[in-house]
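See structure below.
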Amino acid sequence: MTKTRKTTVCIIGSGPAGLLLSQLLANEGIDSIVLDRQNRDHIEGRIRAGVLESGSVDALIDAGVGARLQKEGLPHSGFDLAFDGDRHRIDLLGLTGKQVTVYGQTEITRDLFEKRFEEGGQFYFEVEDVVPTDLDTNQPSVRFTHCGETIDIQCDFVAGCDGFRGVSRHAIPGDTLNTFERVYPFGWLGVLTECPPVSHELIYANHERGFALCSMRSETRSRYYLQTAATDTVEEWSDERFWQELKTRIGPESAADLIEGPSFEKSIAPLRSFVAEPMRYGRLFLAGDAAHIVPPTGAKGLNLAIADVQILSRALIEKIKRGNDQYIETYSATCLGRVWKVERFSWHMSMLLHQFPEHSGFEKKMQRAEFDYIATSEAASKAIAENYVGLPLD
Ligand code: RFL
Ligand code: PHB
């Protein structure tokens, strides 16, 4: 037996992209149904991004989910680049007039879920076998299994917000879809610990033993990352080994201020750059990680997802409420113009800050020369700062 339901927009994926889209549509009185293959606790517990561009903060406030972010988010007016012990501060505020805000993805997801549930948002969790169909017609549908029942959602539009490993992108015919990818030959080991951060600003460090990043979630909770071999497992990284390596990579001066404590989350993530073009096929629109992945070195993945959803919500609202096709037609090109610039920045930061097994002494000298150039050129620092705080939407 198949149960049929109707909605205006079926949103596949309940990460930040899908949740924010459903909120922006709801704010305009447009109904949606959101599906996810995981449950709410699992989604809220995924420890990922930490840095929000000023435009992302504004978008969340405008969407009506910014109250806790404004109270608990930590404004950062700069960050440090470090190279074999030498430090250079990128003065975000001085160079661009803007700041970024440290506020965990877990908190954003929680704020969005709370508001969606308060307002009676419709969700299906733990769905299986999701199949979007008839995407090139005026009446697409999304079929899936939920608690043993087959459900068919008939809708006007489908939003593919199901992340890199989702199904939406694969629903675009192979002769229409182009993909571009670079997989980096290392991973990031991430550790969360209930200790005050080593520095009140982020430190991105290139060291001959590999990259290290000192970040945070609050005044009392630190988030640290180390570049590891792509094949390393979490079991190979005891807390003791982790702290020792972090101290070496950030140098004795910073290490002197480091407070160590037990880790309560430890994971290794691969690094990848990926873009799928176009981001629209008929009435299917891809947004967020479903369409593109950046290595986390520029802190851009979540911010890109928020930007896509701002552009997509405007396109859908114009079409649904005013019959205006203009922004639907330009959705993919508008997003991709920005996506490629953000891909470039994330790739560039990754190339500058990591050790690459295939690099010769020449490439290492190039990294050092670039660091020295950034440290002595306001123009070079400003180029980094304006990308880090976020490029304009379109
Ligand atoms: P998500 O968050 O992956 O959500 C996709 C949702 O879709 C569901 N799903 C399905 N649902 C139904 N059917 C299917 N077949 C499905 N397949 C998947 C999944 O269960 C999930 O709930 O994608 P979204 O919404 O596009 O959001 C993207 C962000 O999560 C991601 O870009 C960031 O976390 C990236 N990122 C960072 N971004 C930043 O902007 N700043 C940062 O500081 C930052 N740091 C990071 C990061 C990502 C990291 N990892 C682990 C990848 C640090 C790390 C370590
Ligand atoms: C984080 O706090 O998780 C974080 C911060 C900056 C990055 C990546 C991750 O570039």
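Remember, it's 1-based here, ligands and their atoms both numbered in the order they're listed. Position 1 is the first residue of the sequence, and the numbers go up from there.
In terms of protein heavy-atom proximity, atom 43 (O) of ligand 1 is closest to Gly50 N, 3.1 Å. Regarding atom 20 (O) of ligand 1, its nearest protein heavy-atom neighbour is Asp36 OD1, 2.7 Å. What sits closest to atom 45 (N) of ligand 1 on the protein, heavy atoms only, is Ala49 CA, 3.3 Å. Looking at atom 7 (O) of ligand 1, its nearest protein heavy atom turns out to be Asp162 CA, 3.2 Å. For atom 39 (C) of ligand 1, the closest heavy atom belonging to the protein is Leu302 N, 3.2 Å. Protein heavy atom at the shortest distance from atom 13 (N) of ligand 1 is Val130 CG2, 3.5 Å.
Some N or O of Ala299 is nearer than 3.5 Å to an N or O of ligand 1, by distance alone.
By the salt bridge (charged side-chain N to carboxylate O under 4.0 Å, His left out) test, Arg87 pairs with Asp80, sequence neighbours left out.
Contacts of Arg217 with ligand 2, taken as heavy-atom pairs under 4.0 Å, involve the side chain alone. Of all the heavy atoms of Ala299, the ones lying under 4.0 Å from any atom of ligand 2 are found in both the backbone and the side chain. Counting heavy atoms under 4.0 Å from ligand 2, residue Val102 does not touch it at all.
Ring planes of Phe285 and Tyr331: perpendicular class, angle over 60° (limits at 30 and 60°). Under the 30°/60° scheme for interplanar angles, the aromatic rings of His348 and Phe345 are found to be tilted.
Remark: among candidates Arg223, Arg48, Gln105, the nearest residue to atom 50 (N) of ligand 1 is Arg48, based on non-hydrogen atoms. Summarising the contacts of atom 15 (N) of ligand 1 with Val167, Leu286, Leu189, Thr109, the nearest heavy atom is found in Val167.
For ligand 2 and Pro296, the ligand atoms under 4.0 Å from any heavy atom of the residue are 7 (C), 8 (C), 10 (O).
Heavy-atom separations between Phe164 and ligand 1 are all 4.0 Å or longer. The closest approach between a heavy atom of Pro16 and any atom of ligand 1 is below 4.0 Å. Note on ligand 1: His42 sits outside its first shell, no heavy atom being nearer than 4.0 Å.
The pair Arg89-Glu201 counts as a salt bridge, with a side-chain nitrogen and a carboxylate oxygen less than 4.0 angstrom apart.
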